[in-house]
Amino acid sequence: MSDKIIVRGARQHNLKNIDVDIPKNKLVVITGVSGSGKSSLAIDTLYAEGQRRYVESLSAYARQFLELMEKPDVDSIEYLSPSICIEQKTISSNPRSTVGTVTEIYDYLRLLFARVGDVFCPECGKRIEKYTVQQIVDKILEYPISTKLEVLSPVVRGKKGEYKQLFKNLLKEGFVRGYVDGELIRFEDAPELNKNIKHDIEVVVDRVIIKEDIKRRITDSVEVALRLSDGLVIVKSGDERKLFSEKFSCVDCGVSFAEIEPRIFSFNNPYGACPECDGIGSKMIFDLDLIIPDKRLSIRDGAIKPWEGVDDFYFYNTLLTLSEKYNIDLNKPVDALEKDKLDILLYGLEEPLEMYTFKGDKKIFYKKKFAGVLGYLKEKLYSTSKSDVDFAKQFMSEMHCELCNGTRLKKESLAIKIGGKNIAEISGMTIEELYDFIRELRFDGFRAKVAERVLREIERRLKFLVDVGLEYLTLNRSSGTLSGGESQRIRLATQIGAGLTGVLYVLDEPSIGLHQRDNDRLIKTLKGLRDIGNTVVVVEHDEDTILSSDWVIDMGPHAGRNGGEVVFSGTPEELIRCEKSLTGKYLSGKLTIDIPHERRKGNGKYIKIKNARRHNLKNIDVAFPLGTMICVTGVSGSGKSTLIIDVLYDSVVRKLRGQNVKKENCEDLLGIENIDKIIDIDQSPIGRTPRSNPATYTGVFTDIREIFAMTVDAKKRGYKMGRFSFNVKGGRCEHCQGEGYIKIEMHFLPDMYVKCDVCHGARYNRDTLDITYKGKNIAEVLDMTVNQAYEFFENIPKLKNKLQILRDVGLGYIKLGQPATTLSGGEAQRIKLARELMKKMTGKTLYLFDEPTTGLHMDDVKKLIDVFYRLVDAGNTVIIIEHNLDVIKCADYIIDLGPEGGDKGGNIVFCGTPEECANCKTSYTGQYLKGKLHAKV
């Protein structure tokens with residue numbers, strides 16, 4: 001068996017028939033500029049072929065899908081191991097998916113709680129236990145010798161009614177005495193009580209005196225008592241009474257538990273899920289702040305947003321009738337209306353409203369139900385029309401479920417505790433806190449043996465999450481809220497837990513979202529995966545990861561058609577000395593990203609947040625100097641995204657609409673008059689299907705279709721711009737409806753998109769493809785890279801300028817028609833940035849970016865920083881959440897959060913210039929930044 005994976009003649013995408021040897025059981029980094037062919041080699045060639053070979057080894061049913069799996073364009077790959085790809089995709093958008101369920105830690109916790117949890121009454125909080133017959137007898141025998149006892153069976157508790165038949169049955173079985181509310185009666189006298197029993201009834205099963213040889217008799221009595229009362233026994237000694245139960249139940253409150261199994265702790269199971277929110281933890285409700293966004297407006301001025309554009313006589317007649325009958329001033333600002341009058345408009349009336357209209361000169365009366373704006377929206381929400389439903393949903397917000405307070409579970413499930421905490425409280429701990437909690441848990445006797453293996457597995461999995469820098473996450477964190485980098489590291493931790501060997505692991509930029517401080521732990525984890533006998537191939541730009549690897553493959557020399565070659569293959573030390581490698585030049589310091597000569601002071605105005613308190617933020621006051629480039633930094637989980645996206649963005653949007661800020665976010669936001677809009681340029685996809693692409697999203701495609709519609713052949717045939725759209729009938733291929741791909745459900749594997757066998761991915765029908773411009777049809781133009789299109793349309797200034805902007809943000813290598821499903825989060829973000837740059841700037845815009853350097857080589861980061869400078873120099877403000885030190889050192893102002901992640905974060909560690917930050921001893925960012933600023937510090 002060779003110690004190398006031997007690749008020969010790889011031509012996938014832009015790869016230029018390359019040959020490369022990849023050493024096995026090593027940590028191998030594939031690097032290079034964006035679009036140079038890194039992912040084409042690692043994911044689309046190595047991993048794709050490994051997946052194909054895996055499917056070949058499966059059943060005949062599975063092998064039928066082989067022909068649908070596109071074979072990588074490569075002559076041969078020898079000695080390829082089974083492969084696993086860990087990408088940057090969000091794990092799941094399902095609200096029921098959490099960090100705990102994805103890592104399976106929550107499943108182990110459910111098992112632990114079911115087997116060794118302490119049970120408490122959900123009503124009174126008293127601890128309750130269940131007993132076997134033997135345990136009950138042993139408790140009775142603990143009484144001193146000669147103690148007089150009564151063994152009672154409570155046959156009726158807390159119920160009213162007639163119990164004639166019950167008395168008859170008890171008389172048949174020989175029980176002639178019982179207690180009704182403490183008073184001893186004979187059941188033969190009971191008929192006079194049968195009319196209306198209002199008391200508890202306890203049967204005297206036996207009267208005994210404790211003796212040495214009494215055990216058998218007490219056992220028989222207990223068994224009879226349990227049978228009569230469905231599991232309850234009362235032992236009475238004078239005034240003292242003790243209750244024993246075969247089930248977990250609180251006799252005082254009448255609460256009983258079914259058999260305690262793991263499923264009662266599952267919010268995805270009806271046995272455990274909160275009945276109000278069905279285990280989601282939140283509910284979508286109509287939000288009055290969205291329904292009435294600006295309370296300074298009157299009803300006539302359109303204060304009630306859902307009523308905007310309603311053009312209906314009866315609607316306006318209803319409002320006028322309400323105004324007359326209930327003295328509601330429709331010209332008065334909403335915030336000045338009396339509550340009872342506003343409530344009528346919101347919630348409607350119980351009784352039909354008597355109204356009238358005119359038919360000629362005759363006054364006609366009629367009655368009409370008025371349900372208010374909320375009733376109007378509910379009608380839309382439950383309509384069969386999708387547009388109506390979508391209309392109603394825009395006025396809804398997600399709110400915590402009031403019944404379970406967001407815990408997702410029934411109160412009975414939450415009444416079971418370990419170490420004084422229920423499963424929701426444990427799920428709300430950070431991974432780091434939970435790791436310490438689990439390690440300190442102690443059980444006695446039988447419970448210790450039961451818990452031992454489960455605790456060991458939970459501890460092991462938590463340790464892996466800590467090792468990959470995710471100690472700040474909580475188990476109840478929804479999977480859909482995780483970044484691509486966090487999702488990837490969770491998958492990585494799960495794979496480490498699997499303990500596989502002899503596997504090829506392919507990872508796509510695992511360092512994304514990690515502070516430099518946490519990078520060392522990630523690198524250690526990757527080496528650990530290597531050391532147990534695996535080959536780890538990492539697509540990466542991070543300097544520390546490259547230098548820590550065993551082997552580096554540098555792709556290039558440039559992007560797109562100018563890339564796809566192996567520029568270098570060897571050790572990191574050899575890479576630094578390689579003159580042909582752009583990466584090597586940056587690592588050696590021959591090429592650098594320059595520090596600006598002068599930091600911008602800004603325009604003297606600020607946006608200020610007062611008492612930010614969302615999630616882990618500790619009531620902090622933050623001021624953002626406008627007209628500057630600001631970097632928000634800090635270790636993972638320190639509160640950066642919470643501050644900028646959840647608090648700043650939401651508060652600015654609300655203030656621009658004339659609304660108040662959400663009090664759960666912050667106390668107030670000041671300085672809104674200094675900006676005119678805010679734009680969050682995030683890494684969410686520009687589309688969910690192959691139909692969306694960079695050309696359509698940026699509007700470039702509109703210009704291209706206009707050019708094709710102006711050609712002589714198109715005019716002869718009467719083709720308009722619409723003919724060249726693949727989203728409408730006419731010019732598109734109807735087999736794939738213009739997508740170019742057919743979606744295939746794989747059942748046991750993720751869904752696949754296979755090229756349409758009619759248009760072969762072109763998207764258009766034959767007649768449309770007959771029309772050409774400069775010898776290229778519309779499909780061939782969409783297949784061009786941005787750089788190729790820039791040269792192709794060089795004589796059309798409007799289009800050329802837009803394509804230049806795409807090049808400026810480092811996207812010259814992507815194809816115009818590249819499906820949105822194949823774009824990384826970083827690429828999607830830069831496409832959004834390009835679209836904003838194509839618009840006319842006002843100079844008063846606040847731009848937000850969350851880790852825009854994702855997927856970028858050092859040389860591309862340099863270009864991106866120049867784009868940020870362009871935005872700021874036009875008078876705008878750019879706020880960047882970032883870990884990349886090259887971007888941070890170029891900022892005008894730094895806001896560093898921490899000092900740690902999770903509950904230990906959420907404070908302002910530092911505010912000021914990069915030079916000042918480098919001298920701040922309490923800032924982790926400053927410690928790493930010092931080396932980047934060199935002599936300037």
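A 6.0 Å sphere centred on CG of Asn660 holds no more than 12 heavy atoms belonging to other residues, nucleotides or ligands. A 6.0 Å sphere centred on CE of Met284 holds more than 12 heavy atoms belonging to other residues, nucleotides or ligands.
Panel note: side chain Lys618, backbone Asp903; a donor-acceptor pair is recorded below 3.5 Å. Gln683 places no side-chain N or O within 3.5 Å of a backbone atom of Ala828 that could act as its donor or acceptor partner. At distances below 3.5 Å, not a single donor-acceptor pair connects side-chain atoms of Glu836 with backbone N or O atoms of Leu833. A donor-acceptor distance shorter than 3.5 angstrom exists from the side chain of Thr696 to the backbone of Asn693, with no hydrogens or angles considered. Under the 3.5 Å distance criterion, the side-chain polar atoms of Arg691 are matched with a main-chain donor or acceptor of Phe726. Using a distance-only test at 3.5 Å, with no hydrogens or angles considered, no donor-acceptor pair links the side chain of Lys605 to the main chain of Gly671. Under the 3.5 Å distance criterion, the side-chain polar atoms of Thr642 are left unmatched by any main-chain donor or acceptor of Arg614. Without hydrogens or angle criteria, Lys677 side chain to Lys844 main chain gives no donor-acceptor distance under 3.5 Å. Thr101 places no side-chain N or O within donor-acceptor distance of the main-chain N or O of Ser97, the cut-off being under 3.5 Å. A donor-acceptor pair under 3.5 Å links the side-chain atoms of Asn616 to the main chain of Gly902, judged by distance alone.
With sequence neighbours excluded, the residues forming a side-chain contact (heavy atoms from CB on, under 4.5 Å) with Asp682 are Asp680, Ser684, Lys832, listed by chain and number. Checked against side-chain contact (heavy atoms from CB on, under 4.5 Å), Asp278 has the following partners two or more places apart in sequence or in another chain: Arg96. Remark: Glu882 engages no residue in a salt bridge (charged side-chain N to carboxylate O under 4.0 Å, His left out) (not counting sequence neighbours). Here Tyr606 pairs with nothing under the ring-ring contact (aromatic ring centres under 6.0 Å, His included) rule; sequence neighbours left out. Listed by chain and residue number, nothing satisfies the salt bridge (charged side-chain N to carboxylate O under 4.0 Å, His left out) test with Glu402 (two or more places apart in sequence, or in another chain). For Leu670, the side-chain contact (heavy atoms from CB on, under 4.5 Å) partners at least two apart in sequence or on another chain are Lys608, Lys610, Asp668.
Ser478 and Thr481 share no donor-acceptor pair across their side chains, judged by distance under 3.5 Å alone. Counted by atom type alone, Ser385 and Ser387 present one or more donor-acceptor pairs between their side chains at under 3.5 Å.
Lys305 and Glu308 are joined by a salt bridge, as a carboxylate oxygen and a charged side-chain nitrogen come within less than 4.0 angstrom of each other.
Rounded to the nearest 0.5 angstrom, Asn94 CG and Asn268 CG are separated by 7.5 Å.
Considering all non-hydrogen atoms of both residues, Lys802 and Val700 come closest at CB-CG2, 4.0 Å. Residue Glu667 comes nearest to Lys663 through the heavy atom pair O-NZ, 2.9 Å, listed as atom of the first residue, atom of the second, then distance. Annotation for Ala424 and Leu414: closest pair CB-CD2, 3.6 Å, computed over non-hydrogen atoms. Contact detail for Tyr472 and Gly901: the closest heavy-atom pair is CB-C, 3.8 Å. Listed here is the closest heavy atom pair of Thr474 and Ser427: CB-O, 3.6 Å.
Under the 4.5 Å side-chain criterion, counting only non-hydrogen atoms from C-beta, Ile264 is in contact with Ile416. The shortest distance between side-chain heavy atoms of Ile292 and Leu346 falls below 4.5 Å. Looking at Ile831 and Thr698, their side chains come closer than 4.5 Å, going by heavy atoms from C-beta outward. Side chains of Ser413 and Tyr271 form no contact here, defined as non-hydrogen atoms less than 4.5 Å apart. Taking 4.5 Å as the limit, every side-chain heavy atom of Leu297 sits out of range of all side-chain heavy atoms of Val334. Two residues are said to be in side-chain contact when any heavy atoms from C-beta on lie closer than 4.5 Å; Cys404 and Glu276 fail this criterion. The side-chain heavy atoms of Thr845 and Ile679, taken from C-beta on, include a pair separated by under 4.5 Å. In this structure the side chain of Pro852 reaches within 4.5 angstrom of the side chain of Ile880, judged on heavy atoms.
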Output side-chain donor-acceptor pairs under 3.5 Å for residues 322-333, partner residues at least two apart or in another chain, one line each.
| residue | atom | partner | partner atom | Å |
| --- | --- | --- | --- | --- |
| Ser323 | OG | Ile328 | O | 2.8 |
| Asp329 | OD1 | Asn331 | N | 2.9 |
| Asn331 | OD1 | Arg300 | NE | 3.2 |

Acceptor/donor pairs from residues 621-633 side chains to any protein atom, 3.5 angstrom cut, sequence neighbours excluded:
| residue | atom | partner | partner atom | Å |
| --- | --- | --- | --- | --- |
| Asp621 | OD1 | Asn611 | N | 2.7 |
| Thr628 | OG1 | Pro625 | O | 2.7 |
| Thr633 | OG1 | Asp896 | OD1 | 2.6 |

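Aromatic pair Tyr697/Phe701: ring centres not closer than 6.0 Å.
Sorted by first then second residue, the salt bridge (Lys or Arg N to Asp or Glu O under 4.0 Å) pairs that include residues 378-394, not counting sequence neighbours, are Lys380-Asp388, Lys386-Asp390. Here side chain to side chain donor-acceptor pair (under 3.5 Å) pairs that include residues 338-349, with residues two or more places apart or in two chains, are Lys339-Asp343. For residues 284-293, the set of pairs meeting the salt bridge (Lys or Arg N to Asp or Glu O under 4.0 Å) definition, not counting sequence neighbours, comprises Asp289-Lys295, Asp289-Arg654. Residue pairs meeting the salt bridge (Lys or Arg N to Asp or Glu O under 4.0 Å) criterion with at least one member in residues 346-358: none, sequence neighbours excluded.
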| said: Run the ring pair (Phe, Tyr, Trp, His ring centres under 6.0 Å) test on Phe395 and Tyr376 for me, step by step, so that the C-alpha distance in whole Å, both residues' side-chain angles and the decisive distance to 0.1 Å come before the verdict. | reply: CA-CA 12 Å; Phe395 299 104; Tyr376 170 74; 9.0 Å; no

